[in-house]
2 protein chains.
Amino acid sequence: MSGKERLPVTGAQGGLLRLVATGQAESRAELARLSGLAASSVSLRVEELLEARLLVEEGSGTSRGGRRPRRLRLAPSAGLLAVADLGAHHVRLGLLDLSGTPLAVEERACDITAGPETVLDWMADAFDDLLRTHAPPGVPLRGVGTGIPGPVDPASGRVVGPSRMPGWNNYPVADQLGARYDLPVLVENDANLMAVGEARSWPGSDNLMVLKAGTGIGCGVIVNGRLHRGRGAAGDISHVRVRTDSSVMCACGHPDCLEAYASGAALMAALAEAGVAVDRPADIVGLVNDAVPEATSQVRNAGRLIGEVLTVLVNFFNPDVIAVGGSLSAAEPLIAAIRAAVYERCLPLATRDLEIAPARAGQDSALLGAGALLLDAVL
Amino acid sequence: MSGKERLPVTGAQGGLLRLVATGQAESRAELARLSGLAASSVSLRVEELLEARLLVEEGSGTSRGGRRPRRLRLAPSAGLLAVADLGAHHVRLGLLDLSGTPLAVEERACDITAGPETVLDWMADAFDDLLRTHAPPGVPLRGVGTGIPGPVDPASGRVVGPSRMPGWNNYPVADQLGARYDLPVLVENDANLMAVGEARSWPGSDNLMVLKAGTGIGCGVIVNGRLHRGRGAAGDISHVRVRTDSSVMCACGHPDCLEAYASGAALMAALAEAGVAVDRPADIVGLVNDAVPEATSQVRNAGRLIGEVLTVLVNFFNPDVIAVGGSLSAAEPLIAAIRAAVYERCLPLATRDLEIAPARAGQDSALLGAGALLLDAVL
DNA sequence: GTTACTTCCTTCGATATCGAAGTCAAAGGG
DNA sequence: CCCTTTGACTTCGATATCGAAGGAAGTAAC
């Protein structure tokens, strides 16, 4: 993360603006409760933010038994964020306002193997396109962020030892974007962004795991409401050894990695061998819905293997929620099999209040997550 | 945790006092740096704390190139904490000053199966003994805490579903201690306390796992410098399924739990079967040091199994440190086998800066941890 | 309609914090 | 030795925050 220009706010104002932007607070009273500031101080700061045209007052909210609150909203003209979610073959691009609401989202084909210079330049051009076509006039861009389908060193914004991204190793992604934009820049692993985006859909749950079941298997971890990065590699579960009868060598050099059995790529390979050819992992969901036996049994087996890995993590981490996203998550047998494995084997204490459910935030969750993290950099 | 009386400090004073108590700061300048307060504000607050006789000025520290700092210490008369670490057959009892330094520690035999009323009353009597014999006159007791060898619900201070503690299930431990002391009371799982105590010995490491290898296998997790509780059960790894040839049923009702193979209890049973009888898990260390082949091979195997479980957690959680404590940790082959398994199988990115080492805090780590957590409740 | 109560928000004097400037006390270099 | 530099505090006026009190605007019950 790097960046220079920030919103023209001082100390306490930033915190208040953030509470409004994230939707946690809609009135001065809520701001006072959540920020811990005195109600009088909140009123003063809000007055300044209204003056600065970063907030607007808009009608009134619903009464909670007394006077109705005056509803506060982020001014539409406060700023924009340009965010991307880079995948192996596609990119999702989005333009968000500062509250994280998408103004425009589009998906384009993009070959990540073309190398970082090409892809990032192309991405920046696409951002410029989006801004030209969808940005209201006079609204400034405040930040730029992208998700990367591989490990990212959070401090330097570099890609570190990615598996399917030739030419990207150790490339300073954040620096290059920063050179073009002179704004706060965010570069983060895609599963981590997805976790942050998803977390907003689970208010009250401070500890969650977000599983991304697509071509690969990714996982993002939210601890105490914040993204857990560890030393930059946290959340990786794809190269955990699973208990199986057969033995398969994974690309990482170890035998019997979860990814070699339960990823979308592995499922596609197994189905092809059984005579059922599909192009993309998402197509497997269609096969399952059409009750193609090979597909259902493969997906169920993948769910069981994933679930067995999760048992360890559930006992250890004891999350409130496991949200399952990614293109395979639409296959019901997958989640059913995960649930079965976890609930059977985990400690009752750990599963007592555990919810295992499909992700709620939808396809844009990584974009929303990028917006949420960028907001922290902007304020 | 419950409690009423606190130290007579207001807002900012508490934070400063804590920084001194935890040893993070020794001078006004350090307090200013760490607290984020202005140097002038720090001086004012420190003046008040000196006035209140909670801090004392004591000589001067070493210069960092300029004027020497005036060293600040917690006043010995600021208060005491009474803490205990309840085990299956023994209790360690300690009297700490507010900076967590033990004034007195002793270990007594104690049968936890006697039930909570008996044990807790006995414990309180033991605290009173300690206070009579070792407390300087006029120094008030500020808090009471104990570790429990089983799961504890952090909110209510109750024991929840313990395995080897008949009669304790759902017992309101915190309430009973609170009824006798009218002070802040802390009740926490023993491995968690150990983790908190150990964390202080690893400055700069914000994410650590502390493994307790004794009669059972426990684990405490520090995330971002703070104890991770999850929903109250976090850190449990003893009932994770391990990969083995044979199949053993665990007391929890599932086959092949880690505890059934790698705990001190399991090792003792296996050694007895091989004709080598020992009384306590700690005795196994002696056998290993005497190069008794059965013992060494059993311990090494236990280390391998523990290490294989840790691989999953290292990839997922990506800690800075895994500290191994408990009575078995003195056996070098145990840690060596853990290291071998983790370094062989984990992602290089995850093990790049990972340190796997014996616990540094020694036998009193749980007592120190109880002191550290109590300090938060007291300030 | 009247009364009681709740919640939202503002006013205003008391208090806490900040930060720039200054003092104090050491280390290090000719 | 004297000077410069560095860091550790203090002083003091400017600023931000607090909190008690009160007005504003609603709900709920009778």
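The chains referred to below are lettered A, B, ... by the order of the sequence lines, with proteins before strands, and numbering in each begins at 1.
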How many whole angstroms separate atom [atom1] of [X] from atom [atom2] of [N]?
X: B:Leu16; N: C:dA16; atom1: CG; atom2: C1'; result: 13 Å
X: A:Leu44; N: C:dT10; atom1: CG; atom2: P; result: 9 Å
X: A:Glu47; N: D:dT17; atom1: CD; atom2: C1'; result: 17 Å
X: B:Leu50; N: D:dT10; atom1: CG; atom2: P; result: 9 Å
X: A:Arg64; N: C:dC8; atom1: CZ; atom2: C1'; result: 10 Å
X: B:Arg71; N: D:dC9; atom1: CZ; atom2: C1'; result: 17 Å

Could you check whether any side-chain N or O of A:Asn207 sits under 3.5 Å from a backbone N or O of A:Asn224, counting only pairs where one atom can act as donor and the other as acceptor? yes
If we ignore hydrogens and angles and just use 3.5 Å, is the side chain of B:Arg142 paired with the main-chain N or O of B:Leu374 as donor and acceptor?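 No; judged by distance alone, with no hydrogens or angles, the pair does not exist.
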Going by number, which of residues 22-38 of chain B have a non-hydrogen atom under 4.0 Å from DNA chain C?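 Residues of residues 22-38 of chain B that come under 4.0 Å of DNA chain C are, in numerical order, B:Gly36, B:Leu37, B:Ala38.
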Hey, what are the protein-to-nucleotides 26-30 of chain D N/O distances that come in under 3.5 Å?
residue	atom	partner	partner atom	Å
D:dG26	OP1	A:Arg68	NH2	3.2
D:dG26	N2	A:Gly65	O	3.4

So, A:Arg28 and A:Glu57, do they make that salt bridge, N to O below 4.0 Å?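 Yes, A:Arg28 and A:Glu57 are salt-bridged.
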Any ion pair linking A:Arg18 and A:Asp376 (charged N to carboxylate O, less than 4.0 Å)?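 Looking at A:Asp376 and A:Arg18, the cut-off is met.
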When you measure from the side-chain N and O atoms of B:Ser41 to the phosphate of C:dC18, is any distance below 4.0 Å, counting only OP1 and OP2? yes
Below 4.0 angstrom from OP1 or OP2 of D:dT10, is there any side-chain N or O of B:Arg70? yes
Atom CZ of residue position B:Arg226 - does it have more than 12 heavy atoms of other residues, nucleotides or ligands inside 6.0 Å? no
